[in-house]
Amino acid sequence: MTARSARTGEDAEDLDVEEVLALVNDHDGRIAGGGVPAPAASGHSHGSAHKPDAHHRATPWPEAREIAARAARSGARRALVSVPLDASLGLTLAAPLTALTDLPSFDTSAMDGWAVAGPGPWDVRDEGVLAGHAESEALTDGEAVRIATGARIPLDTTAVIRTEHGRTDDKGRLHATRDMHHGQDIRPRGQECRSGDQLLPVGALVTPAVLGLAAAAGYDTVTAVPRPRVHVFVLGDELLTEGIPHDGLIRDALGPMLPPWLRALGADVTSVRRLGDDEKALRKAVTGSDADLIVTTGGTASGPVDHVHPTLSRIGAELLVDGVKVRPGHPMLLARTKDDQHLVGLPGNPLAAVSGLLTLAEPLLRTLAARPAPEPYTLPLQEAAHGHPHDTRLIPVVLRGDRAVPLHYNGPAMLRGIAAADALAVVPPGGAGSGQELELLDLPWASAGIGVCFT
């Protein structure tokens, strides 16, 4: 049988990413961005982040995540792709995975042993039956043949006797050492599925097990939602790419950290550039980018070399989120730079950038990749966590049994806590007491206790 892609019949003829999202949401029962429907994007003007009441005009944290998830729908009308199996891990299926053959496609032996016909004892043939060989001659009653696991069952076989459940006498005749029943240790044709059966629906994530199932079912390629393409622009004249910090210069932590983190979130990071504090270079880089998402680091506040807001204003971008009521990471932003392109501006402090990544970039990338929102979950805190008077606070935690343990070293410029963390806990304004249930945001790798706990 010739293998073909996952697009079968008319199931995926006219689908695009937006329609795959709709199917995912229908199957999952929740919107791809999670939570409740968000109001329309606020469309903050460029100057709003610099006015005295900027904090009061910042977007609440849950709403910011919702806006990011829904904003990506404007860029969701991207063409689907046919992807070889070895390149499809982590993608979302854009057509049902429908069996191209019966599985198994013929009666096979489930064990090494003997295929036997009729009641025993049995005369054993000289030649055995191996996997991968054509169908052998039919058995007659009283006859047996050595058979390997996965080999095709000869016609008129009654059962398979496992090697450890049979013995031969001095005349070479086979005897069963346990009771035998008809059909034992035979995998009948179509036991797992019949040709045409739907194995997985639109929206299923391609995992290693899915790759194996697709291959077994006859596929060489699958039709999937493409990975969102991301360009990363690292801003700041003070950043070093190697060596020990010196003379007011510091090491760039975000350049090494963000690309693999974005890839763990399902993105295809196709470019990482260091631009320094150069407004012209930033404008040229942004206007020349063809990525689905641009991620910038630093330059989102209102200092003398913070060029992100002025650049967005000059190119006519629409600010959807201009500051978020979250600590760390308050000066993060989300803008629509083109109909099919967005920019997430992350603060320059490392942990603040992580906050922005999980607040704005993760929901947007999830929508672009047509993945459903993760099921929210909570755990009680092992000890109290300080909060901000008005803003949500994200703090690194490790998971110990059924408790979340807050970690120290959680300042905006610190990575020591998050490097040992399993998740970020969402602390409401005012803080949380010991034993209080808090929502957790899993980290892509969820180290689950690497033996370091700064509590």
Side-chain angles (χ1 to χ4, degrees), residues 15-38 41 59 61-78 80-81 88-94 201-207 210 224-232 258-269 291-295 320-321 324 326 329 332-336 340-344 346 353-377 394 423-424 426 439-446:
L15 288 183
D16 60 18
V17 177
E18 189 172 17
E19 290 164 312
V20 174
L21 271 171
L23 288 169
V24 170
N25 297 337
D26 182 58
H27 292 152
D28 188 64
R30 291 175 287 125
I31 59 175
V36 296
T59 306
W61 182 78
E63 182 181 326
R65 300 193 80 219
E66 189 64 38
I67 290 172
R70 292 185 178 278
R73 290 180 177 274
S74 68
R77 298 199 72 83
R78 297 179 296 143
L80 304 177
V81 290
S88 64
L89 184 66
L91 299 185
T92 299
L93 290 181
V202 169
L205 185 68
V206 179
T207 64
V210 171
V225 176
R227 288 182 177 86
R229 292 170 300 114
V230 177
H231 289 171
V232 176
L258 289 181
W261 201 317
L262 289 161
R263 292 186 184 104
L265 294 175
D268 180 13
V269 180
D292 301 302
L293 173 64
I294 298 169
V295 175
L320 305 177
V321 175
V324 177
V326 66
M332 68 181 74
L333 62 84
L334 169 65
R336 181 178 290 115
D340 58 352
Q341 183 185 76
H342 291 82
L343 181 147
V344 169
L346 302 177
V354 169
S355 174
L357 193 67
L358 296 182
T359 299
L360 298 177
E362 186 276 332
L364 191 142
L365 288 170
R366 185 198 326 133
T367 302
L368 287 175
R371 294 183 179 183
E375 189 72 42
Y377 77 102
L394 303 181
L424 288 177
V426 182
E439 179 184 355
L440 298 182
L441 303 178
D442 277 331
L443 302 178
W445 45 89

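No hydrogens, no waters, no symmetry mates; every other heavy atom, side chains included, goes into these values.
- The closest side-chain heavy-atom distance from L343 to L333 is below 4.5 Å.
- Contact of the L424 side chain with the V426 side chain is not registered, since no non-hydrogen atoms from C-beta on lie closer than 4.5 Å.
- Between L357 and L262 there is a side-chain heavy-atom pair separated by less than 4.5 Å.
- Of all heavy-atom pairs between A64 and V321, the closest is CB-CG1, 4.3 Å.
- Nearest approach of D292 to R227, heavy atoms of both residues: OD2-O, 4.3 Å.
- Not a single donor-acceptor pair under 3.5 Å links the side chain of T367 to the backbone N or O of R70.
- Side-chain contact between L364 and L293 is present, with heavy atoms from C-beta onward closer than 4.5 Å.
- Atom CZ in R371 sits 5.0 Å away from atom CG in L205 (nearest 0.5 Å).
- For the pair V230/L365, a side-chain contact is recorded, criterion being any heavy-atom separation below 4.5 Å from C-beta on.
- The side-chain heavy atoms of L334 and T59, taken from C-beta on, include no pair separated by under 4.5 Å.
- Between A370 and T92 the shortest heavy-atom distance is O-CG2, 3.4 Å.
- The closest side-chain heavy-atom distance from L368 to V225 is not below 4.5 Å.
- Counting heavy atoms from C-beta outward, R65 and L441 have side chains that approach closer than 4.5 Å.
- Residue L320 comes nearest to R336 through the heavy atom pair CD2-NH1, 3.8 Å, listed as atom of the first residue, atom of the second, then distance.
- When all heavy atoms are compared, the tightest approach of W61 to V324 is CA-CG1, 3.8 Å.
- Closest approach of P363 and L360 over heavy atoms only: CD-O, 3.4 Å.
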